[in-house]
Amino acid sequence: MLDKFTKLCYTNLMKMKDIIKEWLKESTGLPVEVATTRNPKLGDYTTNIAFSTGGDPRENARNILSNIKGKPDIVEKIETKNGFINIFLSKSALLGVIDTVRREGEFYGSCNKGDGRRILLEFVSANPTGPLEVPNGRAASIGDCLYRVLSFMGYSVDREYYVDNCGRQIKLLAESINARMSGEDVPEGRYRGDYINELSDEVRVLKPRDLEKFAVETILSQQRKTLTDFGVEFTNWVRESEIRKICPDIIGKLRKGGFIYEKDDAVWFTASSFGDEKDKVLIKSDGEFTYLTPDIAYHINKFERGYDTLIDILGPDHLGHILSLKGALEALGYPAGNLIVLISQWVTILEDGKKKRMSKREGRFVTLDEIISTIGKDVAKFIFLTRKRDSHLVFDMDVAKKESKENPVYYIQYAYARMSGIEGVARERGVGIDDSKTALLGNEEEMNILRKLIHFPEVLEEVERTFEPNHIPTYLTELASLFHTFYERHRVVSGDRDLSGARLALTAVIKQVLGNGLSLLGITAPERM
RNA sequence: GCGCCUGUAGCUCAAUAGGAUAGAGCAUCGGAUUUCUAAUCCGAGGGCUGGGGGUUCGAUUCCCUCCAGGCGUACCA
């Protein structure tokens, strides 16, 4: 039995948690759940099984422990404390992570959990009525990171941007440009801002036949450039005008299913029978579709293209129609439960210590371009990805500018660059990595690093489970901190050739994991700073 | 009014399926560099986790209630 676990360990070291779980299950006969311990002094893994069996947990834990016979090689010791059963990994098991990372390299942390299942990730999808703003940057960061992580975990992920190139806001855009061209002030409720002036100038020169289309496509290409500068790419750009073509068919199907009725010259969907507050209009009395109609069609179109799971990252302003959308999908027999809607909360901008009330129509907004040029994309992404999606994040422009020089992202990047520096020194002195000498490692700082490295795959699984990227920045900061502490206390390249070789292996592995993590965040890993 | 989200250190945020002493960064104060990058390290202070109930061996986490803020509650998107 022990051999089996040992073998498992070396073929797939990242699953040590599972190995321990299996071992405890087999030897106790209890439905054991294993968790990562927060405090390394309390071991590497822990189980609270003794709390759920009734009676005194401390006594239970001791009884359970005394019944466990033997242990896999990866376990150094197992002990109880306060009713918890704590498992300490052996030094050789911890050292094994070096081999694993050295072998797997840029794939360390990846897995095949997704098994090729197809996910369509829709995010940003800003109206083509102006430049991308700060909240779009937040959604872009999160969407891009989820794309990278889910792909890393074996899902087949496409990224899509939905372009609302129809509807009222496009008419308002055209009116704004027309007003500007004729030298008038832009009327109330229309779009203002320098970009409208620039567009007007272009229109004056180019005299496009279709003003609306010209304006939309021009703005869209600017948005695309912003995203490229931000390091975020999309697989597809889907225009609402294309989706509208299939709307009559969708409405026909809904009507056939009895989910449609007419009232006040409008066409209604029976959303209230699917849990929504009230029924929703699909075709207005003027014959135009509402926003909801093409959105239903779009999501049906997504399922029809063969995706297993649809993920939408939306702003909180879209809360109102999620239930209707899911209701319509359900009505037409699509798996509404496979549509996962993630709400990326607003960003409050503070400027000069005051809340900046954002309004694109009034020309008051902070663009993503501005953020990229003032604080840089790495800092911006890190700020966005450190927060949970649901938190109402406060983006203080003054602090962001000031801290762009001392942002935590540099803490991680600096650790990475420092290790590059060490590699350079090692090369100069003719010292190389020696994987065969890693047993020489063993001080507290080194062991803490190894313990942390083991948990990287678990962090990614957490991101996959919760769709919350923020665990990665937290983890990387902790790992970088452990490295910096190690660096202050011990020399990597020293007169001791064997120890130097072992420590170079260790730093190579830390660097690899930091690099993998930064890459999943879409943040650069600089060789020097 | 109703629905969803949020409320944690002076500030910005964490807390891995309810776990052990609630953690980081910034700010404040005190230390560390003849040695691989000081964008670093070590230490100190700072908390009735918005208030009040409840469930539990155990609650920042779950339930109820109140307070504060955001969003939604359109034949806007």
Side-chain angles (χ1 to χ4, degrees), chain A residues 33 35-39 42 46 48 51-52 54-58 81-84 86 127 129 164 166-170 172 240 263-268 276-278 280-286 288-292 295 315-323 343 345-346 348 383 386-396 399-400 402-403 405-411 413-415 417-426 428-429 455 458-459 461-463 465-466 468 470-471 473-475 477-478 480-481 483-494 500 503-504 507 528-529:
Chain A
E33 284 301 327
T36 302
T37 313
R38 286 178 210 233
N39 185 348
L42 298 172
T46 186
N48 58 3
F51 287 91
S52 49
D56 178 18
R58 288 158 203 264
K81 188 166 188 183
N82 300 336
F84 292 91
N86 299 328
N127 282 340
T129 53
D164 287 330
C166 308
R168 204 172 87 92
Q169 84 277 10
I170 301 304
L172 295 180
E240 183 181 342
K263 193 180 86 179
D264 303 332
D265 295 328
V267 174
W268 295 73
D276 209 337
E277 291 175 351
K278 51 182 84 162
K280 295 290 171 71
V281 171
L282 293 181
I283 302 178
K284 297 186 270 179
S285 52
D286 65 2
E288 287 284 320
F289 295 125
T290 59
Y291 172 76
L292 179 63
D295 208 34
D317 53 337
H318 285 72
L319 281 171
H321 87 275
I322 294 170
L323 285 175
I343 300 296
Q345 265 297 348
W346 288 145
T348 304
I383 289 173
T386 308
R387 272 71 164 174
K388 281 184 299 191
R389 265 196 330 274
D390 281 342
S391 66
H392 300 257
L393 102 82
V394 177
F395 202 103
D396 188 323
V399 172
K402 191 164 115 283
E403 285 189 358
K405 278 275 174 270
E406 52 201 53
N407 187 278
V409 72
Y410 293 121
Y411 185 82
Q413 291 180 319
Y414 182 56
R418 256 185 163 176
M419 285 183 274
S420 294
I422 293 171
E423 286 170 350
V425 170
E428 277 170 29
R429 301 192 190 170
H455 295 132
E458 295 165 16
V459 170
E461 287 191 345
E462 188 63 14
V463 175
R465 186 177 68 79
T466 60
E468 287 284 9
N470 80 302
H471 298 105
T474 305
Y475 173 84
T477 305
E478 288 165 358
S481 173
F483 166 73
H484 285 308
T485 298
F486 163 74
Y487 177 92
E488 293 289 332
R489 294 183 185 171
H490 309 284
R491 279 195 69 80
V492 175
V493 182
S494 66
S500 299
R503 286 184 173 164
L504 281 170
T507 52
R528 53 174 61 233
M529 287 173 73

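Proteins come first, then strands; the chains are lettered A, B, ... in the order of their sequence lines, and each starts at number 1.
Annotation: the span from A:Thr129 atom OG1 to A:Gln169 atom CD amounts to 6.0 Å, rounded to 0.5 Å. Taken from NZ in A:Lys388 to CD in A:Glu468, the straight-line distance is 7.0 Å, to the nearest 0.5 Å. Rounded to the nearest 0.5 Å, atoms CG (A:Asp396) and CD1 (A:Ile383) are 10.0 Å apart. For the atom pair CD of A:Gln413 and OH of A:Tyr410, the computed distance is 6.5 Å after rounding to the nearest 0.5 Å. Going from atom CD of A:Glu462 over to atom OH of A:Tyr475 covers 14.0 Å, rounded to the nearest 0.5 Å. The OG1 atom of A:Thr36 sits 4.0 Å away from the CD atom of A:Glu458 when rounded to the nearest 0.5 Å.
The OH-P distance, from A:Tyr475 to B:G25, rounds to 18 Å in whole Å. Straight-line distance from the CG atom of A:Asp396 to the P atom of B:C26: 16 Å, rounded to whole Å. Put simply, CZ on A:Phe84 is 10 Å from C1' on B:G18, counting in whole angstrom units. Residue A:Tyr410 contributes atom OH, which lies 18 Å from atom P of B:A38 at whole-angstrom precision. Whole-Å rounding puts the A:Leu319 CG to B:G72 C1' distance at 6 Å. In this structure, CD1 of A:Ile322 is placed 16 Å from P of B:C71, rounded to the nearest angstrom. Summarising the geometry, the separation between CD1 on A:Ile343 and P on B:G72 is reported as 11 Å, rounded to the nearest angstrom. The separation between A:Glu468 atom CD and B:C5 atom P is 13 Å, rounded to whole Å.
Nucleotides B:U61 and B:G19 have their P atoms positioned 11 Å apart, rounded to a whole Å. Straight-line distance between the C1' atoms of B:U12 and B:A27: roughly 11 Å, to the nearest whole Å. Taking atom C1' in both B:G58 and B:G25, the straight-line distance is 30 Å, to the nearest Å. Of the C1' atoms belonging to B:G45 and B:G10, the separation is 12 Å, rounded to the nearest Å. If you take atom C1' in B:G46 and the same atom in B:C11, they sit 13 Å apart, rounded to whole Å.
Among the heavy atoms of the strands lying under 4.0 Å from A:Thr36 is at least one base atom, whether or not backbone atoms are also near. Counting non-hydrogen atoms under 4.0 angstrom, A:Glu277 reaches a base of the nucleic acid. Counting non-hydrogen atoms under 4.0 angstrom, A:Asp264 reaches a base of the nucleic acid. If you check every strand for non-hydrogen atoms under 4.0 Å, A:Arg489 touches sugar and phosphate atoms only. Among the atoms of the strands shown, only primed sugar atoms or phosphate atoms (P, OP1, OP2) are found under 4.0 Å from some heavy atom of A:Asn127. A:Asp390 comes within 4.0 angstrom of the backbone, heavy atoms only, and of no base. If you check every strand for non-hydrogen atoms under 4.0 Å, A:Thr46 touches a base. Base engagement by A:Arg491 is indicated by at least one non-hydrogen atom pair under 4.0 Å involving a base atom.
In the set B:U16, B:C41, B:A20, B:C41 carries the atom at the smallest distance from any side-chain atom of A:His484. In the set B:A38, B:A20, B:C75, B:C75 carries the atom at the smallest distance from any side-chain atom of A:Ala266. Of the candidate nucleotides B:C57, B:C36, B:U40, B:C57 has the atom nearest to the side chain of A:Phe51. For A:Gln345, the listed nucleotide lying nearest its side chain is B:C5; candidates were B:C36, B:A77, B:C5. Side-chain atoms of A:Trp346 lie closest to B:C71 of the nucleotides B:G25, B:A77, B:C71.
In terms of the salt bridge (Lys or Arg N to Asp or Glu O under 4.0 Å) criterion, A:Arg387 has no residue partners (sequence neighbours excluded). Shown here are the side-chain hydrogen bond (donor to acceptor under 3.5 Å, both in side chains) partners of A:Thr474, two or more places apart in sequence or in another chain: there are none. In terms of the salt bridge (Lys or Arg N to Asp or Glu O under 4.0 Å) criterion, A:Glu277 has no residue partners (sequence neighbours excluded). The salt bridge (Lys or Arg N to Asp or Glu O under 4.0 Å) search around A:Asp276 returns A:Lys280, not counting sequence neighbours.
At a cut-off of 3.5 angstrom, the base of B:A20 holds at least one donor-acceptor pair with the side chain of A:Asn86. Checked by distance alone, A:Ser285 brings a side-chain donor or acceptor within 3.5 Å of a matching partner on the base of B:C75. You'll find a donor-acceptor pair under 3.5 Å spanning the side chain of A:Asn48 and the base of B:G19, going by distance alone.
Mapped onto RNA chain B by nearest heavy atom, A:Ser494 and A:Thr477 fall at different nucleotides, with A:Thr477 at the one closer to the 5' end. Position along RNA chain B of the nearest nucleotide to A:Gly320 versus A:Ala417 favours A:Ala417 as the more 5'-ward residue.
Counting heavy atoms from C-beta on, the side chains of A:Thr507 and A:Tyr487 never come closer than 4.5 Å.
Remark: ring of A:Tyr411 not stacked against base of B:A39; the cut-offs of centroid gap under 5.5 Å and plane tilt under 30° are not jointly satisfied.
With respect to A:Arg38 and A:Glu478, no salt bridge is recorded, no charged nitrogen being found less than 4.0 Å from a carboxylate O.
In this model, the phosphate group of B:G23 is not approached by any side-chain N or O of A:Arg38 to a distance below 4.0 Å at OP1 or OP2.
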Under-3.5 Å N/O pairs linking protein and nucleotides 10-13 of chain B:
residue, atom, partner, partner atom, Å
B:U12, O2', A:Arg387, NH2, 2.1
B:C13, OP1, A:Val394, N, 2.4
B:C13, O5', A:Arg387, NE, 3.4

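Every stem involving RNA chain B, taken as at least 3 paired positions in a row under the Watson-Crick or G-U wobble test at 3.5 Å, is listed here: B:1-7 with B:67-73, B:10-13 with B:23-26, B:28-32 with B:40-44, B:50-54 with B:62-66.
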